[in-house]
A.B. asks: 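After the C-alpha cells below, expect a handful of questions from me.
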Amino acid sequence: MTIVSPHLGSSAEWTDARLLYALEEVVEKELNRHLKVAKDWMPHEYVPWTDGRNFPGLFEDGEAWEKDQSKVTEIGRIALVVNLLTEDNLPSYHHEIASLFGRDGAWGTWVHRWTAEEGRHGIVMRDYLLTSRAVDPDKLEQFRMSHMSEGFESDNRHSMLHSVAYVAFQELATRISHRNTGHQSGDPVCDRMLARIATDENLHMVFYRNLLKAAFELAPDLTMQAVRDVVVNFRMPGHGIPGFERAAAQMAIGEVYNLRIHHDDVIQPVLRFLKIMEIDGLGPEGQKAQEELGLYMGGLDAEAAKFDEKLAARKARMAARAAG
C-alpha cells in the first residue's frame with residue numbers, strides 16, 4: 001500500500017515500510033513506558049483449584065457437567081465463552097501483527113511481549129472455567145476447535161496504519177467486555193480474574209492509542225482516513241465464533257457489550273483523547289474523512305438511543321411480570 005501526505009509535499013510518498021521506520025522511536029518509547037508500568041502476575045493465583053474435580057473420561061470417578069454446579073450467571077457464561085474463544089485465536093493474531101509490524105527492533109520486541117501477555121488471558125480463563133465448572137467442557141472444546149480451525153483474518157491486514165487504528169479501539173473494547181462480564185458473572189472470583197485481564201488490555205490500548213496519536217502528527221490526512229474506515233466498519237475479532245450473532249445479542253441485552261457501551265465507553269474516549277474533531281489543516285481527503293466520522297458518530301449515538309429505549313422497555317416488562 002502506498003499513501004501520500006500533502007503535508008510532506010507531493011513527492012513524499014508513505015509506504016508501510018516508511019511508516020514503520022518513522023514510528024520506530026515512538027514504539028521504543030511506548031514499549032519502555034509499558035514495561036515500567038506493567039506488572040507480572042501469575043494465572044494460577046486467580047483459579048479456585050480447590051473447587052476442581054474430575055470430569056468423566058479416563059477417571060472412573062469423574063462427575064458429569066451440570067449447569068447448576070457453578071454460581072456463574074447465564075449471561076456470564078455466554079460472555080465468558082465468547083471472550084475465551086476470542087483469546088484462543090492468539091496464534092492468528094500474532095501472525096497478523098508480526099507480518100505487519102515485523103519481528104525486529106522495538107516493533108518486534110513489542111509484538112512478542114504483547115503475545116506473551118495475551119497468552120496469560122486464555123490460560124487463566126480456561127483454567128477458571130473448567131475448575132469452577134462454569135461451562136460444558138466438551139462444548140467449549142468443540143467451539144475452540146471450530147473457531148481456531150477457521151483462523152482469523154483481519155479486515156485491516158492491507159494497511160499498517162489501519163491496523164494500528166483498529167487495535168487502539170479493539171483493545172479498549174476487549175477491556176470493557178471483560179470488565180462487564182466480571183460484573184455480570186455473579187462470582188467474585190471471576191470478577192477479580194477478569195479485572196486483572198482488563199488491566200492488561202487497558203495498557204495495550206494505551207500503547208496503540210499513543211502510537212495512533214504519533215501517526216496523526218506524521219500523516220494526519222491518512223491517519224484520519226484510517227480512523228474513519230476502522231470506526232465505520234468496526235467488528236470485534238471474535239465475530240467468526242460459532243453462534244456469535246446470537247451470543248452478541250444476549251450480551252447486548254445483558255449489558256456486557258452493546259451499542260451504548262460501544263459509543264460511550266469505547267469509540268468516544270479514544271476520539272476525545274486524540275481530539276479528532278479539533279484537528280485542522282487537513283487536506284481535502286482528511287477533511288472529508290473527519291466530516292464523515294462526525295456524521296457516523298451522530299448516527300451511532302442515535303442508534304444507541306433507540307437501543308436504550310428498547311432495553312428500558314424490556315426491563316419494565318420483566319419487572320411487571322415479576323411483580324405480578
Side-chain angles (χ1 to χ4, degrees), residues 1-9 12-39 93-118 154 156-175 199-231 234 266-267 269-283 285-286 289-290 293:
M1 178 185 180
T2 300
I3 46 186
V4 182
S5 172
H7 296 266
L8 297 181
E13 292 186 347
W14 283 109
T15 62
D16 274 4
R18 288 195 65 197
L19 276 169
L20 285 165
Y21 179 79
L23 289 168
E24 178 91 23
E25 187 175 332
V26 180
V27 172
E28 183 175 5
K29 174 186 174 184
E30 289 303 315
L31 173 63
N32 290 334
R33 180 199 55 75
H34 177 84
L35 294 175
K36 286 181 181 178
V37 298
K39 295 181 180 178
Y93 308 147
H94 174 84
H95 174 75
E96 289 272 347
I97 66 170
S99 298
L100 280 165
F101 300 156
R103 296 174 174 82
D104 300 319
W107 280 105
T109 301
W110 167 254
V111 166
H112 295 303
R113 173 71 188 200
W114 175 88
T115 302
E117 291 184 3
E118 288 287 341
S154 171
N156 303 288
R157 61 191 178 280
H158 63 288
S159 159
M160 182 276 273
L161 201 53
H162 281 71
S163 296
V164 170
Y166 175 73
V167 289
F169 294 100
Q170 180 266 320
E171 292 283 5
L172 182 53
T174 304
R175 169 205 160 190
T199 299
D200 281 0
E201 303 289 9
N202 193 62
L203 290 177
H204 297 164
M205 178 275 294
V206 170
F207 178 94
Y208 287 119
R209 184 194 65 184
N210 291 351
L211 195 56
L212 188 58
K213 181 180 180 181
F216 264 109
E217 295 172 1
L218 278 175
D221 290 296
L222 304 166
T223 306
M224 185 68 75
Q225 292 171 66
V227 170
R228 173 204 57 196
D229 294 345
V230 164
V231 170
F234 186 86
V266 176
I267 304 299
V270 176
L271 296 183
R272 279 197 303 267
F273 175 83
L274 297 171
K275 299 181 179 178
I276 288 281
M277 304 313 295
E278 298 173 28
I279 295 175
D280 55 16
L282 295 167
E285 290 301 315
Q290 187 180 47
L293 186 58

A.B. asks: Is S163 reaching over with its side chain to a backbone N or O of N156, donor-acceptor style, under 3.5 angstrom?
C.D. replies: yes
A.B. asks: Please report the shortest heavy-atom distance between S159 and L100, naming the atom on each side.
C.D. replies: C-CD2, 4.2 Å
A.B. asks: Might you work through the side-chain contact (heavy atoms from CB on, under 4.5 Å) test for L212 and V167, ending with a clear yes or no?
C.D. replies: CA-CA 10 Å; L212 188 58; V167 289; over 6 Å; no
A.B. asks: Identify the two heavy atoms, one from R228 and one from L293, that lie closest to each other, and give their separation to 0.1 Å.
C.D. replies: CA-CD1, 4.1 Å
A.B. asks: Evaluate Y208 against W114 for side-chain hydrogen bond (donor to acceptor under 3.5 Å, both in side chains), listing each step before the verdict.
C.D. replies: CA-CA 11 Å; Y208 287 119; W114 175 88; 4.5 Å; no
A.B. asks: At what distance, to the nearest 0.5 angstrom, does CZ of R33 lie from CG of N210?
C.D. replies: 5.5 Å
A.B. asks: Within a reach of under 6.0 Å around OH of Y21, are more than 12 heavy atoms found that belong to other residues, nucleotides or ligands?
C.D. replies: no
A.B. asks: Are the side chains of T15 and L19 in touch, meaning some heavy atoms are under 4.5 Å apart?
C.D. replies: no
A.B. asks: Testing the basics here: between V111 and G102, what is the closest heavy-atom pair and its distance to 0.1 Å?
C.D. replies: CG2-O, 3.8 Å
A.B. asks: Rounded to the nearest 0.5 Å, what separates atom CZ in R175 from atom CG in D200?
C.D. replies: 12.0 Å
A.B. asks: Determine the minimum heavy-atom distance between F101 and M160, stating which atoms define it.
C.D. replies: CE2-CG, 3.7 Å
A.B. asks: If every non-hydrogen atom of I276 is compared with every non-hydrogen atom of Q290, which pair is closest and at what distance?
C.D. replies: O-NE2, 2.8 Å
A.B. asks: Please check if any side-chain donor atom of H204 sits under 3.5 Å from a side-chain acceptor atom of E118, or the reverse.
C.D. replies: yes
A.B. asks: Closest heavy-atom contact between A168 and M205?
C.D. replies: O-CG, 3.4 Å
A.B. asks: What distance separates T223 OG1 from K213 NZ, expressed to the nearest 0.5 Å?
C.D. replies: 13.5 Å
A.B. asks: When you compare the side chains of E117 and H34, does any donor N or O come within less than 3.5 Å of an acceptor on the partner?
C.D. replies: yes
A.B. asks: Using a 4.5 Å cut-off on heavy atoms from C-beta on, say whether the side chain of R103 contacts that of H112.
C.D. replies: yes
A.B. asks: Determine, step by step, whether F216 and V227 satisfy the side-chain contact (heavy atoms from CB on, under 4.5 Å) criterion, reporting the C-alpha distance in whole Å, the side-chain angles of both residues, the deciding distance to 0.1 Å, and the verdict.
C.D. replies: CA-CA 10 Å; F216 264 109; V227 170; 4.0 Å; yes
A.B. asks: Give me the one residue out of L35, N32, L31 that meets side-chain contact (heavy atoms from CB on, under 4.5 Å) with T109.
C.D. replies: L31
A.B. asks: Find the distance between CD (E217) and CG (L23) and round it off to the nearest 0.5 Å.
C.D. replies: 10.0 Å
A.B. asks: Nearest 0.5 angstrom please: M277 CE to L271 CG, how far?
C.D. replies: 8.5 Å
A.B. asks: Within the 4.5 Å heavy-atom criterion, are W110 and E30 side-chain neighbours or not?
C.D. replies: no
A.B. asks: Is there a donor-acceptor contact under 3.5 Å from the side chain of E24 to the main chain of G105?
C.D. replies: no
A.B. asks: Test I279 against M224 for side-chain contact (heavy atoms from CB on, under 4.5 Å), laying out the working first.
C.D. replies: CA-CA 9 Å; I279 295 175; M224 185 68 75; 4.0 Å; yes
A.B. asks: Nearest 0.5 Å, please: how far is CG in D104 from CG in L20?
C.D. replies: 11.0 Å
A.B. asks: So, the side chain of D221 versus the backbone of L282: is there a donor-acceptor pair under 3.5 Å, distance only?
C.D. replies: no
A.B. asks: What do the steps show when you test N202 against F207 for side-chain contact (heavy atoms from CB on, under 4.5 Å), and what is the final call?
C.D. replies: CA-CA 9 Å; N202 193 62; F207 178 94; over 6 Å; no
